[in-house]
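Taking it in order: structure first as structure tokens, then the write-up.
Nothing here was measured: the structure is a model prediction, and the numbers come from that model.
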Amino acid sequence: QLAEQFVSPFIYLHAYENSLFLGQMDLAEKYYRSYCKLFSEEELESMDNKLDDVLFEVNSFKELANLSGKEYELLLDNVTNILDAHKIRQSAMKFYGISEEKVNAMIMVVKTSDVDLLADMNVELAFSIAEHDCLLNKNYTVWFESEEDHTQAGNTDSTHIARGMLNVG
């Protein structure tokens, strides 16, 4: 809502990232375009999470999963509800995909190192997804992972498999 009232790079970027985490790609594009109008081409070249890159990652995930746009939003709505219930912030989305092996994963990187809480959140996510017939029998997996796991992992094999990681600034 703030992005509708104020012209601010920070607010536009925050609205863009929040829209990505909610699966609202049309809104994400709107806020990305508004953000881009405030910068030169050179400044934008160094930006993480450019819209075209993000759309490629999201669309690849949705296509391999056989998810519609609305189903993708519903999936992320389930994720957001669990994060909100536990007052946990998301710091990134990571996509893994190997089409030959039919691997299609979306990892929600979150700001907690509490392994018991992460386990509980992952169980809640599984049950939450199971309540929606349209999300069942699709080719995807999604889970929560600690932000610390990604900063400590460094340059591991899993890093080489990653298609992309969408980070929050």
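Contact annotation: the side chain of Leu75 approaches that of Ile129 to within less than 4.5 Å [non-hydrogen atoms, C-beta and beyond]. Considering only heavy atoms from C-beta on, Asn18 comes within 4.5 Å of His14 through its side chain. Looking only at side-chain heavy atoms (C-beta outward), Ile11 and Tyr31 stay at 4.5 Å or farther from each other. Residues Leu64 and Phe95 fail the side-chain proximity criterion, which asks for heavy atoms closer than 4.5 Å. Two residues are said to be in side-chain contact when any heavy atoms from C-beta on lie closer than 4.5 Å; Leu83 and Met108 fail this criterion. The closest side-chain heavy-atom distance from Met25 to Val54 is below 4.5 Å.
Within a 6.0 Å sphere centred on CG of Asn137, heavy atoms belonging to other residues, nucleotides or ligands number 12 at most.
Salt bridge Glu71/Lys138: present, at least one basic N to carboxylate O contact under 4.0 Å.
Remark: Glu29 engages Arg33 in a salt bridge (Lys or Arg N to Asp or Glu O under 4.0 Å) (not counting sequence neighbours). Every residue two or more places apart in sequence or in another chain that forms a ring-ring contact (aromatic ring centres under 6.0 Å, His included) with Tyr35 is listed here: Phe39.
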Could you go through the side chain to side chain contact (heavy atoms under 4.5 Å, CB included) check for Phe21 and Val79 one step at a time?
CA-CA 9 Å; Phe21 289 147; Val79 167; over 6 Å; no
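Listed here is the closest heavy atom pair of Leu67 and Phe61: CD1-CE2, 3.8 Å. In plain terms, the two heavy atoms of Tyr16 and Ala28 that are nearest each other are CD1-O, 3.1 Å. Taking both residues in full, the closest heavy atoms of Leu27 and Ser19 are given as CB-OG, 3.6 Å, listed atom of the first, atom of the second, then distance. Between Glu145 and Ile107, the shortest heavy-atom distance links the atoms CB-CG2, 3.5 Å. Of all non-hydrogen atoms in Leu136 and Ala130, the two that sit nearest each other are CD2-CA, 3.7 Å. Summarising the geometry of Leu76 relative to Met106, their closest heavy-atom pair is CD2-CE, 3.8 Å, with the distance given to 0.1 Å.
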For residues 119-128, which side-chain donor-acceptor pairs fall under 3.5 Å, sequence neighbours excluded?
residue	atom	partner	partner atom	Å
Asn122	OD1	Phe144	N	2.7
Asn122	ND2	Leu118	O	3.1
Asn122	ND2	Phe144	O	3.2
Glu124	OE1	His86	NE2	3.0
Glu124	OE2	His86	NE2	2.9
Ser128	OG	Asn78	OD1	2.2

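Atom CD in Gln24 sits 11.0 Å away from atom NZ in Lys30 (nearest 0.5 Å). Atom SG of Cys36 and atom CG of Leu13 lie 10.0 Å apart (nearest 0.5 Å). The NZ atom of Lys94 sits 11.0 Å away from the CD atom of Glu57 when rounded to the nearest 0.5 Å. The CG atom of Leu20 lies 7.0 Å from the CE atom of Met93; values are rounded to the nearest 0.5 Å.
Although no hydrogens or angles enter the test, the distance criterion places a donor-acceptor pair under 3.5 Å between the side chain of Tyr140 and the main chain of Leu135. Using modelled atom types, no side-chain atom of Asp77 and backbone atom of Glu73 make a donor-acceptor pair closer than 3.5 Å. Remark: the backbone N or O of Thr112 is paired with a side-chain donor or acceptor of Ser146 at under 3.5 angstrom.
Using a 4.5 Å cut-off between side-chain heavy atoms of Ile, Leu, Val, Met, Phe, Trp and Tyr, with links allowed through other members, Leu22 and Val109 fall into different hydrophobic clusters.
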